[in-house]
Amino acid sequence: MAKSFTYREIKHQKEKVIWLFPLTVWVVVLIGLPLYGDDITFLDFYNSMSLYEYINFRWETWSSRIFIDTVAAWMCAHPLIYQGLTVIILFSLSYIILHCAKRIYPTCNVSFLVISLCACYPISLYKWAFIADSINYLWPLAFLLYNLYYIQNYIFFRDQEKSKKSGIHFVALCLLLLSQIFMNDQEQLWCCWLIILFSITICYYLSCKKVHGFLLISLLICILSGVGKALCPGTKVRLQSNIAAYMPEFPMWSITDKFIIANVRMFKQLIAYPKVWILICTGIFLILCVKKKNNTIVRLCALYTFLLTWTYFFKGIVVSATEPYGGKLYVLVTKMLFVPEDIRNGSFSVENCLSVILWLVFCFCIVYEVHFVCRDWHKFLIALIALACGYTSMLMMAFSPTIYASDVRTLTFVLVGFLILDVLLLCEALKDNELITSVRGGIVALTVFLCICATVYQGSYLHAFAQSSFLYSISV
């Protein structure tokens, strides 16, 4: 009898138990990371300068990211505190996405699904300097989601009366406003946040005929941050230094050149070397569009996005397996499935132009599929905003001469946008009893496949996804 009770209790509490897996993965990965790259530079600054000297030095000679750079330098000197805070941030980021999914899909059991997706957060994005890069990209993104979560639940849904009985609500407001000061230091995120905040303020005004105080203060902080970026002398110094070091031809680029360069880079980083969350997205789209027997255009869009991403994924496996031996197969695959070269001196090859066309068609197909699958406008707008923010953040990189030097760490925002889209799509699939079997079968097949090829192609974080997906598939 005791054994039966224990089993039922574990099944009832399985969501809490399953959280142990991603938490363990994150802790193990973070503990094993040494200081390197920019982390060592920040540590040297921390040990050789006072706080005032450091802030003045960065402001005058390098960047307007005063808050982010100061926190990064301090965290490099205190890695244990950084590791603990980063685990908390990854957990809270995942929990917010899970809570929002439950609110949108109250009848779907999505707990293990979201936990499985979040467990594979691509730590490998920050390979050049983990502490500095994650504080520059992961932390501000988490703070953005915290603020959006508050706006959704305590402004639009007006649940604040429940928490005003104590001082917790006031403390939370102060922490959120402080987090905005921090996240506005990140230029890519600042641009996305300004657009989102402005849109939310207009929507709130149109519906309530007034402007909420929190939104007004947030807009003020955002505008002041933008003024600070414009006035910072270090920004101009850094721009000239980066132009000389990385891209002397940068001043000659026109707006059209920058648009093409940004889209070529997106194709290269997201399609030619596809990431897990994008592969999942195109796979679920194919299942939804084919199984639901939608119109021919949607089916073709789903087939195009699936074939484009998965063909390049398999191409990576074939190249990795055959490259040491050369041969006709290796030569044929590398010629047919090209990877566009980085654009230099404003010279655009045929491959560059073709990759832009393929990428823009891919983006159009994704938006069209989202509109068709997510019939509810609320869900469609969530997916569209997530993807638009990611795309905007990548476009902004074309206005920096370090677009190539920054490498994959700038993909943080677009990849989390695809994570949010994955959650919405899988929840849509789980609503349909006829699709549950197909989705679960797809997850199991993908798990087995990723376990086989992870070490060959994409890196160790695929193991985390494969194992957590397997836990999800057997526990539903």
Looking at S92 and I89, would you say the former's side chain and the latter's main chain have a donor-acceptor pair under 3.5 Å? yes
What pair of heavy atoms forms the shortest contact from L197 to C222, and how long is it? CD2-CB, 4.5 Å
Can any side-chain N or O of T86 pair as donor or acceptor with the backbone N or O of Q83 at less than 3.5 Å? no
Hey, what's the ring geometry for F143 with W139, parallel, tilted or perpendicular (30° and 60° as the breaks)? perpendicular
Nearest heavy-atom approach of V367 to F380 is O-CE1, 4.0 Å
Can you list everything that forms a ring pair (Phe, Tyr, Trp, His ring centres under 6.0 Å) with Y391? Sequence neighbours excluded, please. none
Residues in side-chain contact (heavy atoms from CB on, under 4.5 Å) with A388, at least two apart? none
For a quick test of reading the model, state the closest non-hydrogen atom pair linking W310 to G283 and the distance between them. NE1-N, 4.2 Å
Determine whether a donor-acceptor pair (N or O, by modelled atom type, separation under 3.5 Å) exists between the side chain of S393 and the backbone of G390. yes
Qualifying salt bridge (charged side-chain N to carboxylate O under 4.0 Å, His left out) pairs with a residue from residues 382-400, counting only residues at least two apart or across chains: none
Tell me if the aromatic rings of Y46 and Y54 count as close, with their centers under 6.0 Å from one another. no
Could you note down all residue pairs passing side-chain hydrogen bond (donor to acceptor under 3.5 Å, both in side chains) where residues 221-238 supplies at least one of them, sequence neighbours left out? none
Only one of L216, I151, L219 clears side-chain contact (heavy atoms from CB on, under 4.5 Å) with T201; which? L219
Without swapping roles, check the side chain of S241 against the backbone of V237 for a donor-acceptor pair under 3.5 Å. no
Check the orientation of W74 and H78. Use parallel for under 30°, tilted for 30 to 60°, and perpendicular for over 60°. parallel
What pair of heavy atoms forms the shortest contact from C76 to D39, and how long is it? SG-O, 3.6 Å
Hey, does the side chain of T282 reach the backbone of I278 with a donor-acceptor pair shorter than 3.5 angstrom? yes
Ignoring hydrogens, what is the shortest heavy-atom contact between N263 and L395? Give both atom names and the distance. ND2-CD2, 4.1 Å
F362 and F267: aromatic ring centres closer than 6.0 Å? no
Results of side-chain contact (heavy atoms from CB on, under 4.5 Å) for F198 - residues two or more places apart only: I202
Could you note down all residue pairs passing side-chain hydrogen bond (donor to acceptor under 3.5 Å, both in side chains) where residues 184-197 supplies at least one of them, sequence neighbours left out? R65-E187
Is a donor on one side and an acceptor on the other found under 3.5 Å between the side chain of D422 and the backbone of C281? yes
